[in-house]
Trainee: 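Structure incoming, see below.
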Amino acid sequence: MGTNLVKFSKETVRDVKQVARGWRWGRRPQVPRSAEPFVIPKETSVFPTKWARTPAAIALREVVQKGALNSVLRFEVNPQVSGLDALTKVNEPCLIVANHSSHLDTPLILCTLPNAWRRKTAVAAAADYFFDTWWRATASAIVFNTFPIERRSGKLSSTPGDLLADGWNVVVFPEGTRSQDGWMERFRMGAAYLAVEHGVPIIPVGIKGSFAAMPRGRGWPVPGRPSVAVRYGDALRPAPGESARDFAPRISAAVSALLDEEGSTWWEARRRVATGASPSQSGPDAARWRRVWESTAPIKSNGDKRRAWK
């Protein structure tokens with residue numbers, strides 16, 4: 001009797017374990033993913049922005065940019081712009097490429113460009129941030145003339161190539177997102193590819209002080225009207241036969257040189273470029289607090305290097 005009971009108990013335990021191994025404890029499907037039928041991924045809806053470049057929208061944006069945006073920006077920060085004479089040498093649509101560390105960067109570029117340039121400039125904006133809701137997408141398109149771009153796939157709703165062909169300038173931030181600590185990050189090749197593919201020049205722009213004025217996480221600039229430097233550089237053009245991979249480092253180096261000028265002079269910065277001794281704009285190899293501390297050093301006003309912004 002006892003022997004039979006022990007045998008029954010062992011068989012019962014074995015059966016329970018076997019059932020447990022085959023039981024669907026989680027929510028994973030029983031059929032392997034490789035055996036499931038292929039389903040085409042559902043396309044995400046793309047917010048249209050062509051309407052933002054109609055005559056009515058352009059007229060409305062002119063009022064908003066020259067009135068409210070310009071006034072608020074001047075009240076909150078002290079922009080100091082230089083190098084605008086470089087724009088007089090360009091008579092065709094171009095890509096405006098800048099480093100990116102703050103939400104101030106777009107209004108700083110648009111409000112410091114000459115009026116004729118500003119009216120014909122569109123801005124590439126992250127679809128997952130500026131176009132996630134209809135009201136944010138509409139406001140962004142009206143005020144800044146933005147169009148969505150997928151940061152991961154590079155998919156565009158209105159391609160920059162189409163805009164360039166229609167006579168529009170396009171602002172691109174090759175870093176893809178705002179800097180975490182104010183220092184310049186690696187440039188992606190999107191801007192270089194567009195320049196090579198469509199045969200358009202690139203206007204490099206160095207923006208310094210915007211991270212200190214309005215770092216990530218803030219919805220409004222810090223008090224005290226901090227100074228922000230916006231420096232435009234001479235146009236870059238891809239050489240005949242130059243690939244986007246070879247052109248991209250030249251774009252990054254041009255923006256770095258403009259940032260270097262803000263800490264010294266044009267002549268000293270150009271000498272460092274010629275000798276290959278330009279300091280890295282990726283910041284010191286140190287703890288994050290030290291990198292943030294160094295990137296938030298105040299911008300010094302220097303009348304002989306830049307003109308007053310009016």
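In this chain, numbering begins with 1 at the start of the sequence shown.
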Trainee: Tracing side-chain links under 4.5 Å among I, L, V, M, F, W and Y, which residues wind up in one group with W220?
Mentor: V72
Trainee: Could you tell me if S179 and D181 have a donor-acceptor pair between their side chains, going purely by distance under 3.5 Å?
Mentor: yes
Trainee: Under a 3.5 Å distance rule, please check whether R231 uses its side chain to pair with a backbone N or O of V255 as donor and acceptor.
Mentor: no
Trainee: Judged by atom type as modelled, is there a donor-acceptor pair below 3.5 Å linking the side chain of S71 to the main-chain atoms of A68?
Mentor: no
Trainee: Mark yes or no for whether D105, through its side chain, and S101, through its backbone, hold a donor-acceptor pair below 3.5 Å.
Mentor: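 At least one qualifying donor-acceptor pair exists.
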Trainee: Treat each ILVMFWY residue as a node, draw an edge where side-chain heavy atoms are under 4.5 Å apart, and state whether V292 and M184 are in one component.
Mentor: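 Result: no, two separate clusters.
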Trainee: Between N145 (side chain only) and T121 (backbone N and O only), is there a donor and an acceptor less than 3.5 Å apart?
Mentor: yes
Trainee: Measure from NZ or CZ of R136 to the centre of the six-membered ring of Y129 and say whether it is under 6.0 Å with the direction within 45° of the ring axis.
Mentor: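 Judged by the rule, R136 and Y129 form a cation-pi pair.
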Trainee: Check for a donor-acceptor pair, side chain of R216 on one end and backbone N or O of R178 on the other, with a separation under 3.5 Å.
Mentor: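 Yes; at least one donor-acceptor contact below 3.5 Å.
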Trainee: Distance-only criterion, 3.5 Å: show the donor-acceptor pairs between side-chain atoms of residues 234-244 and protein atoms not counting sequence neighbours.
Mentor:
unit_1, atom_1, unit_2, atom_2, d
D234, OD1, K89, NZ, 3.4
R237, NH1, E92, OE2, 3.0
R237, NH2, E92, OE2, 2.9
E242, OE1, A239, N, 2.8
E242, OE1, R250, NH2, 2.9
E242, OE2, R250, NE, 3.1
S243, OG, D246, N, 3.3
S243, OG, D246, OD2, 3.1

Trainee: To which residues is Y193 joined in a hydrophobic cluster, defined by side-chain heavy-atom contacts under 4.5 Å among Ile, Leu, Val, Met, Phe, Trp and Tyr, whether direct or through other members?
Mentor: none
Trainee: Quick one, N169 and L164 - any side-chain contact, counting heavy atoms below 4.5 Å?
Mentor: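 Counting from C-beta outward, N169 and L164 never come under 4.5 Å.
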Trainee: Mind checking what makes side-chain contact (heavy atoms from CB on, under 4.5 Å) contact with I142, not counting sequence neighbours?
Mentor: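 Here the qualifying residues are W51, L60, T138.
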Trainee: Can you get from L108 to F173 by hopping between Ile, Leu, Val, Met, Phe, Trp and Tyr side chains that sit under 4.5 Å apart?
Mentor: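 Yes; tracing contacts between hydrophobic side chains, which count when under 4.5 Å, links both residues.
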Trainee: Test your reading of the model: is there a side-chain donor-acceptor pair from N99 to the backbone of I207, 3.5 Å cut-off?
Mentor: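 Yes, N99 side chain to I207 backbone: donor-acceptor pair under 3.5 Å.
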Trainee: How are the rings of F130 and H103 set to each other: parallel, tilted or perpendicular (split at 30° and 60°)?
Mentor: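 Taking H103 first and then F130, their aromatic rings stand perpendicular (interplane angle over 60°).
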Trainee: Heavy-atom count check: over 12 atoms from other residues, nucleotides or ligands less than 6.0 Å from R218 CZ?
Mentor: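 Yes, the 6.0 Å shell around CZ holds more than 12 heavy atoms from other groups.
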Trainee: Mind checking who shares a hydrophobic cluster with W135, ILVMFWY linked at side-chain heavy-atom distances under 4.5 Å?
Mentor: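 W134, all in the cluster of W135.
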Trainee: Quick one, I96 and V123 - any side-chain contact, counting heavy atoms below 4.5 Å?
Mentor: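 No, side chains not in contact.
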Trainee: In plain terms, say whether E62 and R119 are close enough for a salt bridge, that is, a side-chain N and a carboxylate O under 4.0 Å apart.
Mentor: yes
Trainee: Using a strict 4.0 Å threshold on nitrogen-to-oxygen distance, state whether R186 and E175 make a salt bridge.
Mentor: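 No, no charged N to carboxylate O under 4.0 Å.
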Trainee: Side-chain heavy atoms under 4.5 Å apart, restricted to Ile/Leu/Val/Met/Phe/Trp/Tyr: what other residues fall into the cluster of V63, or is it alone?
Mentor: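 In the cluster with V63 there is nothing else; it is isolated.
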